[in-house]
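Encoded as structure tokens, the structure appears first; notes follow it.
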Amino acid sequence: MSDASDEMQYHVELEPGDVADSVLLPGNPERIDKVTPLWDDHEEVAHHREYRTATGSYEGTPISVTSTGIGSPSAAIAVEELARVGADTFIRVGSCGAIQPEMDVGDLVITRGAVRQEGTSKEYVREDYPAVADEEVVSALIAAAERLGHDYHVGLTMSADSFYAGQGREGFDGFEAAGSEDLVEDLKEANVLNIEMEAAAVCTLANVYGLRAGAVCSVFANRTTGEFMTEGESVAAETASLAVKLLAKMDEVKEEAGADRWHAGLSLD
């Protein structure tokens, strides 16, 4: 096994120059094929284990995508190694279960903060450290969803470490983990919007390292209403891709204005 400081990264098999500054992070490697047709052009630059990477451009803006597999441990590896080869902005693009009754399958959820029920981020920083999305990424995702006319919600996400017990589902042979019967209702009452498995770790690591991160997920199921359909993958990918373009514009505007952060007083037009 090569050292993490080597140029070629062990898990993602990438080196400096292989990726753009901004990288989309879907889970499933097959979702790369849902993302890249939305771009002007692309080239697959690596595929090792669950980590499949393509780099190209979206409306003239450099952009990359790397699949992370399922869960926060593998997503954290992707963030670590992508940062080592030069990436500084990460947008998780995935699917989720909604837990508020007014949310429909196919809607988007833009994360502004996450409940850290996953364990990976706890190995980086104390448990009361907040998992918050970068405000520029959140603003860009909202602006992108508005421009594209997609239905979306903005709020809090819960990231779990397991698909079954950790999300209040029955395990094998009817097994129920302690507290699982109240989990979804407790989160719903606390105004959490959705459940997925990576956003908290991605946002926590980005904050620890001074990078930008956020998440946009398509609602595949509503745990409250029982509605389910695998719908909206390309909608989330399109929104995240446009957000990367808008973030690049934000960076240009900041530089022209001599500002450290983009804010509402700076126009994107």
Side-chain angles (χ1 to χ4, degrees), residues 24-27 68 70-72 75-76 79 89-122 124-146 150-163 165-169 179-208 211-225 227 232 235-236 239-240 243 264:
L24 308 187
L25 301 175
T68 66
I70 297 175
S72 289
V79 172
T89 300
F90 304 93
I91 302 179
R92 154 127 170 89
V93 181
S95 58
C96 67
I99 55 177
Q100 297 297 333
E102 70 275 11
M103 300 170 69
D104 294 324
V105 167
D107 285 359
L108 297 177
V109 180
I110 297 170
T111 297
R112 60 180 174 84
V115 179
R116 293 170 54 204
Q117 189 167 305
E118 44 71 43
T120 301
S121 64
K122 297 179 179 67
Y124 282 81
V125 70
R126 52 191 289 167
E127 293 187 21
D128 52 2
Y129 184 94
V132 292
D134 181 88
E135 66 269 20
E136 292 181 348
V137 175
V138 173
S139 294
L141 286 168
I142 292 171
E146 286 282 351
H150 299 319
D151 293 328
Y152 67 94
H153 310 265
V154 182
L156 300 177
T157 292
M158 188 273 269
S159 297
D161 252 350
S162 67
F163 183 80
Q167 297 188 34
R169 295 184 175 95
S180 63
E181 68 276 8
D182 300 320
L183 176 64
V184 171
E185 188 60 30
D186 288 348
L187 291 167
K188 176 185 169 187
E189 289 299 316
N191 204 29
V192 174
L193 298 184
N194 63 320
I195 300 174
E196 53 80 77
M197 298 180 67
E198 293 86 14
V202 171
C203 289
T204 299
L205 265 66
N207 280 304
V208 167
L211 307 171
R212 294 190 297 198
V216 57
C217 290
S218 298
V219 174
F220 274 15
N222 189 305
R223 299 288 301 278
T224 302
T225 66
E227 187 182 9
V235 171
T239 302

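Numbers for residues simply follow the sequence, beginning at 1.
Side-chain atoms of Asn222 come within 3.5 Å of backbone N or O of Met103 as a donor-acceptor pair. Side chain of Asp161 to main chain of Gln117: no donor-acceptor pair is present (N/O by atom type, distance under 3.5 Å, no hydrogens or angles). With Ser180 contributing its side chain and Gly168 its backbone, the two residues share no donor-acceptor pair below 3.5 Å. Side chain of Asp104 to backbone of Asp107: no donor-acceptor contact under 3.5 angstrom is found. The closest donor-acceptor contact from the side chain of Thr224 to the backbone of Ile99 lies under 3.5 Å. Looking at Glu196, its side chain does come within 3.5 Å of a backbone N or O of Glu198 through a donor-acceptor pair.
Checked against side chain to side chain donor-acceptor pair (under 3.5 Å), Glu146 has the following partners two or more places apart in sequence or in another chain: Tyr152. Partners of Ser121 by side chain to side chain contact (heavy atoms under 4.5 Å, CB included), not counting sequence neighbours, listed by chain and number: Arg116, Glu118, Thr204. Applying the side chain to side chain contact (heavy atoms under 4.5 Å, CB included) test to His150 and every residue at least two apart in sequence or in another chain returns Leu108, Leu148, Val235, Glu238, Thr239. Annotation: side chain to side chain contact (heavy atoms under 4.5 Å, CB included) contacts of Ala215 (sequence neighbours excluded): Arg92, Thr111, Ala199.
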| request: Given side chain to side chain contact (heavy atoms under 4.5 Å, CB included), test Asn194 with Val219 step by step and report yes or no. | output: CA-CA 8 Å; Asn194 63 320; Val219 174; 5.9 Å; no
Handout entry: Stepwise side chain to side chain contact (heavy atoms under 4.5 Å, CB included) test for Val109 and Val216
Key = CA-CA 6 Å; Val109 180; Val216 57; over 6 Å; no
**OP:** Could you check Gln167 against Met197 for side chain to side chain contact (heavy atoms under 4.5 Å, CB included), going step by step and ending with a plain yes or no?
**Re:** CA-CA 9 Å; Gln167 297 188 34; Met197 298 180 67; 3.5 Å; yes
Review point. Val137 and Thr89: side chain to side chain contact (heavy atoms under 4.5 Å, CB included), yes or no, with the steps?
Key: CA-CA 8 Å; Val137 175; Thr89 300; 4.3 Å; yes
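Sorted by first then second residue, the salt bridge (charged side-chain N to carboxylate O under 4.0 Å, His left out) pairs that include residues 186-195, not counting sequence neighbours, number zero. For residues 212-223, every residue pair satisfying the salt bridge (charged side-chain N to carboxylate O under 4.0 Å, His left out) rule, not counting sequence neighbours, is listed here: Glu136-Arg212, Arg212-Asp251.
Residues Ala240 and Leu141 approach most closely at CA-CD2, 4.0 Å, considering heavy atoms. Heavy atoms only, all atoms of each residue included: Ala200 and Ala131 are closest at O-CB, 3.7 Å. Nearest approach of Ala213 to Cys203, heavy atoms of both residues: CB-CA, 4.2 Å.
Counting heavy atoms of neighbouring residues, nucleotides and ligands inside a 6.0 Å radius, atom CG of Asp151 does not exceed 12 of them. For Glu127, the CD atom is loosely surrounded, since the number of other residues' heavy atoms within 6.0 Å does not exceed 12.
Interatomic distance, CD1 of Ile70 versus OG of Ser162, reported as 11.5 Å (0.5 Å rounding). The distance from atom CG of Leu24 to atom CZ of Phe90, rounded to the nearest 0.5 Å, is 11.0 Å. Atom CG of Asp134 and atom CG of Asn207 lie 7.5 Å apart (nearest 0.5 Å).
Of the residues Leu193, Val184, Ile195, the one that meets the side chain to side chain contact (heavy atoms under 4.5 Å, CB included) test with Met158 is Ile195.
Residues Leu156 and Asn191 fail the side-chain proximity criterion, which asks for heavy atoms closer than 4.5 Å. With contacts defined as side-chain heavy-atom distances shorter than 4.5 Å, the pair Leu25/Ile91 does not qualify.
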